[in-house]
Amino acid sequence: MFVNIAVNIPADKVFSYSVPAHLAPLIAVGKRALVPFGRKRLSGYIVDCPTELPCDGVKDIVDILDRDPLFGEEDLSFYRWISEYYLYPLGKTIHELTPGGINIVSERWIKGRGLPESEYPAWRNLSLPERQIMEIVSGEPGGVALDRLKKALGRASLDRHVKSLSGMGFIEVEERLKRPGVGLKKEKIVTLNDASESSERRTGKQSRLIAYLKEAGSATMVSLRREFKDVSSVVAALERKGVVCVTETDVYRSAQHLIPEGKGNLIVPNGDQEAALGEIIKGTESNGFSPFLLHGVTGSGKTEVYLRAIARTLDTGGGVIYLVPEISLTPQLISRIGDRFAADRVAVIHSDIPQALRYDQWRRICSGEIRLVVGARSALFAPVQNLKLIIVDEEHDNSYKQEDRLCYHARDLALVKARLLSAAAVLGSATPAVQTFFNAARGKYRYLALPQRVENRPLPDIRIVDMKGEHDEYGEAPVLSRYLKEAIGVTLANKKQTLLFLNRRGFNTYLFCRDCGHVFQCPNCDLALTFHAGQAVLKCHCCDFAEATPSVCPACKCARIGRYGIGTERLAEQVRRCFPAARIERMDSDTMSRRGAYEKIMNALQNGSIDILVGTQMVAKGHDYPGITLVGVVGADMGLNIPDFRAAERTFQILTQVSGRGGRGDTPGSVVIQTFNPDHYAIQRAQHHHYEGFYSDELPQRQALFYPPFSRMINLQISCLRKDRGKAGAERLGRLARELLEQKNLKGRIDIVGPAEAPIPKIKGRYRWHMLLKGANPWSLKDLARAIMAKAGTNDLDIRADVDPVSFM
Ligand code: ADP
Ligand code: ZN
C-alpha cells in the first residue's frame with residue numbers, strides 16, 4: 001500500500017511513501033502521517049492512496065497521528081483548487097487552512113557519550129567552538145537540542161563542528177520529535193465496578209463517594225473534585241481495592257463561555273425581508289449552487305434575513321458558515337446569535353480564539369456535532385458537514401483579503417466553496433464591491449434588494465462642507481469646520497451622541513524639523529514615523545519600530561520640531577478643547593489593543609455614557625446604536641489620493657458605511673462630510689445615497705483603463721535585503737516575463753506593468769519591487785506567473801504572487 005503526502009514546505013509537489021502492514025488499516029485521506037523527510041521526521045497530510053508504486057525506493061511512513069481525518073475529500077478538492085489558483089504549494093495551503101499547533105517536526109539533539117574524565121584532556125586538541133559545545137553537552141546527560149546549542153553559542157550554524165565531534169566519537173546526534181503545542185484534552189472517568197457490594201469496611205469518605213457513584217453511574221474526576229475534598233486519594237484507594245475503575249477519554253475543551261445565553265427574538269420581518277428570505281431558502285433547498293447578492297441599505301435589516309435563513313437551514317439538517325469582518329464580531333452580533341441558537345451548537349472562530357480550542361472546535365465541526373460556524377475570514381475553511389449556506393456579510397470589506405503567506409480572498413473563495421459543494425452563497429452589503437455588483441448585473445448572482453431602512457426610517461441627511469472656504473486665525477484649514485462645530489453643539493444640547501470619523505489612511509500626525517526640513521523616518525521601512533502624543537513616542541505603522549520623541553532634530557540639532565497632519569489622538573484633543581464638558585472617547589487600533597477595551601466603549605455608547613466618539617475605520621462598521629444622531633466625517637478625501645484604482649470605490653464605501661451609523665433610532669440622523677473635493681463623484685454619490693449612480697460613474701473608467709472587473713491581475717512582489725541585487729533581480733525578472741510572454745504567444749492578451757519600485761520601497765529591512773500582470777483570462781495569467789516564478793528562485797531574492805490583489809502598497 002502507498003500514500004501520497006503533502007508536507008508544509010515550499011515545494012509544489014507531494015511525496016510518496018509505502019505503508020507498513022500494521023498501519024494499513026488506519027490509512028485515510030485527511031489524516032496526518034509521521035514520515036521520514038531527509039534526515040528529519042515530520043508530519044504531513046495524506047492526500048491520496050495510489051494503488052501503484054509511483055517511483056522506486058520509497059520509504060515507510062512511521063506512524064499515523066490522527067484517529068479521525070482532519071478533513072474530507074470535499075475539503076481536499078477545495079484545498080487543491082486554492083493551491084492551484086493562488087499559486088501556493090498544496091502542503092503549505094493545507095497547513096495554513098487547518099488548525100495550527102498540532103503538527104510535528106523532529107529536531108536534532110546532541111548527546112555526550114559519557115566518556116570518563118580521563119578522556120577530557122583530549123579536548124585540548126579541539127577548536128574553541130568544539131570545546132564550547134563539549135562543555136555544554138557534558139553538563140546535560142539527557143542531551144541538548146541543536147537549536148538551543150546554537151542560541152547558547154550565538155552561532156547560526158554548528159554543522160561542521162557537530163560533524164567533526166561525532167566523527168571523533170565524542171557525541172551522538174539523533175533526531176527527536178518535538179511535542180506539538182496542541183493535542184487532545186484527556187479527562188479521567190471514575191466508574192463503579194459491579195463487585196462494589198462487598199461487606200468490606202469503608203471510611204466515611206469512601207462510602208459517600210460510592211453512594212454518589214451509585215446514583216450517577218460514573219463521573220469525571222473534574223466533577224468529583226467539585227463535590228468532594230481530596231478525592232484523588234479516595235479514588236486511588238478504591239481503585240486499588242477494585243471497587244472503582246478509572247479510565248481516560250478524550251474530551252472537547254469548553255467553548256460555551258464565548259456565547260451568552262439568549263433572550264429570543266421578537267422581530268417580525270417586513271415584506272422586502274420576507275421576499276429576500278424566500279429566494280435564499282429556495283436556493284439552499286435546491287441542492288444546487290445558488291449565489292446571491294443581498295444589496296440592502298444600512299439599517300435595512302440584512303442581519304435579520306441572515307439569521308432567519310440560518311435557522312431554517314439548520315432546522316432542515318444543513319450546515320452554515322456565516323462570515324463577518326473581524327471587527328464586526330462584536331458582543332452585539334454574538335448576542336444576537338445567542339438569542340437564536342444554542343451556544344453549544346455554534347462555533348465562533350477568529351484570531352483571538354486559542355489554538356487548542358480551535359482544534360477542538362474543528363473536530364466537533366468535522367464530526368457533524370456543530371453545524372453553524374460564525375467567524376472572520378478563516379472560518380470559511382471549517383469542515384462543516386452537509387454545508388448548504390455560506391453568508392458573507394459586508395462582502396466589500398477588505399479584511400476578507402489575507403495579505404501575507406497564502407494571499408486569498410475569503411469572499412471569492414466562499415463562491416468557489418459553494419460551487420464545489422452545491423450550496424447557496426449570500427454576499428451582503430450596503431455598498432457592494434464594484435466587482436460583485438458587476439457580476440450580479442450580468443446575471444452571475446441573483447440580485448436581492450432591501451431598498452428601505454426598517455420601519456421606514458429615513459436615511460440620514462448628508463451635508464457637504466467645502467473645506468477650501470474654511471480658515472482659522474492663521475489662515476489655515478481648521479480641523480473642524482464652523483458648521484460641524486455647531487452641529488456637535490446642537491447634538492450635545494439635545495443629549496444625543498456624535499460619531500466623528502477620521503479616514504486614517506495617509507492622515508496622521510508626523511514630525512518634521514522647521515529649520516532643516518528633516519522628516520523622521522522608520523529605519524526599517526521607507527515610511528514617515530507617526531507621532532503618538534499619549535506615550536510620547538514615534539511609531540512605524542508598518543513594522544514594530546518605536547522610539548522616544550526626540551527633543552532636538554538629529555540632523556541640525558535645533559529644537560524647532562513641528563507637526564503636520566492629524567490623527568485621531570489630535571482630533572480628540574481638539575474636540576475636547578471645543579467642548580470641555582462633553583464625555584469624549586477615542587477608538588482606534590492604539591486604544592483598542594487591550595482586551596475588552598472595545599466591548600467597554602461599545603457598552604458605554606449603548607448606555608449613553610459617551611457623548612462623542614472619535615475613531616478610525618473601526619467605528620464605520622456593523623454597529624447599531626440608536627443614540628447616534630450626528631456623524632461627522634473629518635477629511636473625507638484623504639483616501640482618494642492613494643495610488644490604487646479602487647481609491648474612489650473605497651471612499652464611496654467608507655462614507656456610506658459611516659453615514660449609515662447615524663439615525664438608527666427614532667430620531668433621524670444627519671451627517672456632515674468635510675472635504676476639499678466636494679465635486680468628486682464618490683463624494684457626490686455618497687451624499688445622495690446613490691449606489692447605482694456611483695457604479696455607473698466608476699465602471700466606464702475601469703473599462704477605459706482595463707482594470708477589474710474587465711481584467712484580472714496578479715501582482716508579483718519581489719523583495720531583497722540588498723537594494724542593488726534586488727533591483728538587478730527585478731529587472732531580470734522583467735526581461736524574463738517578456739520573453740515568456742512571447743514564447744507562450746500571449747502578447748496582446750496580457751499586459752506586463754513594471755517591474756517598478758513599490759510605493760513603500762522598503763518594509764522591515766527588505767527592499768521591494770512589484771510587477772503587475774493584467775489580462776482577461778485568469779488561467780493564462782496564472783500560467784505566466786507560474787512560469788516566471790519557477791525561474792525566479794535565487795537565494796536572496798524573494799518572489800511571491802498576490803492573485804487578485806487588493807492592496808498595491
Ligand atoms: P443591517 O444589517 O441591514 O444594517 P440590521 O439587521 O442590523 O440591519 O437591522 C437594523 C436594526 O433593525 C436592528 O436593531 C434590528 O433588530 C432591527 N430590525 C431588523 N428587521 C426589523 C423588522 N422587520 N422590524 C423591526 N426592526 C427590525
Ligand atoms: Zn517600519
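Whatever order the structure lists them in is the order used to number ligands and atoms, beginning at 1.
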Colleague: Work out whether the distance between some heavy atom of Arg336 and some atom of ligand 1 is less than 4.0 Å.
Modeller: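 The answer is yes, since Arg336 has a heavy atom less than 4.0 Å from ligand 1.
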Colleague: Report, in ascending order of atom number, the atoms of ligand 1 lying under 4.0 Å from any heavy atom of Asn270.
Modeller: 23 (N)
Colleague: Taking the side chain as every heavy atom from C-beta outward, state whether Leu630 and Ile488 have any atom pair closer than 4.5 Å.
Modeller: yes
Colleague: Could you check whether any heavy atom of Gly299 sits closer than 4.0 Å to an atom of ligand 1, since that is the contact criterion I want to use?
Modeller: yes
Colleague: Can Glu403 and Lys401 be said to form a salt bridge (Lys or Arg N to Asp or Glu O under 4.0 Å), step by step?
Modeller: CA-CA 6 Å; Glu403 294 287 1; Lys401 176 71 165 37; 3.5 Å; yes
Colleague: Kindly identify the option in Thr303, Val454, Leu307 whose heavy atom sits closest to atom 26 (N) of ligand 1.
Modeller: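 Closest candidate by heavy-atom distance is Val454.
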Colleague: As an exercise, identify every atom of ligand 1 less than 4.0 angstrom from a heavy atom of Glu455.
Modeller: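 This gives 25 (C) as the contact atoms.
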Colleague: How about Tyr408 and Glu96: does a side-chain donor come under 3.5 Å of a side-chain acceptor?
Modeller: no
Colleague: Answer whether the closest heavy-atom distance between the side chains of Ile462 and His689 falls below 4.5 Å.
Modeller: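 SC-SC contact between Ile462 and His689 confirmed.
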Colleague: Examine the proximity of ligand 1 to Val305 and report which part, side chain or backbone, both or neither, has a heavy atom under 4.0 Å away.
Modeller: neither
Colleague: How far does CZ of Arg336 sit from CD of Glu304, to the nearest 0.5 angstrom?
Modeller: 6.5 Å
Colleague: Any idea which atoms of ligand 1 are less than 4.0 Å away from a heavy-atom of Val268?
Modeller: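 This gives 22 (C), 23 (N), 24 (N) as the contact atoms.
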Colleague: Between ligand 1 and Arg457, is the shortest N or O to N or O distance under 3.5 Å?
Modeller: no
Colleague: For atom 5 (P) of ligand 1, which of Ser300, Gly296, Gly301 has the closest heavy atom?
Modeller: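 Among Ser300, Gly296, Gly301, the closest heavy atom to atom 5 (P) of ligand 1 belongs to Gly301.
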Colleague: Please state which option from Ile267, Thr298, Leu294 has its nearest heavy atom closest to atom 22 (C) of ligand 1.
Modeller: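 The option holding the nearest heavy atom is Ile267.
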Colleague: Determine whether a donor-acceptor pair (N or O, by modelled atom type, separation under 3.5 Å) exists between the side chain of Glu455 and the backbone of Arg453.
Modeller: no
Colleague: Is it true that Thr675 and Asn677 share a donor-acceptor pair across their side chains at a distance under 3.5 Å?
Modeller: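 No, because no side-chain N or O of Asn677 sits under 3.5 Å from a partner of the opposite role on Thr675.
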Colleague: Within a distance under 4.0 Å of any heavy atom of Pro269, pick out the atoms of ligand 1 and give their elements.
Modeller: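 Numbered from 1, ligand 1 contributes 23 (N).
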Colleague: Just so I know, are the side chains of Leu613 and Gln497 near enough to count as touching, which here means a heavy-atom distance under 4.5 Å?
Modeller: no
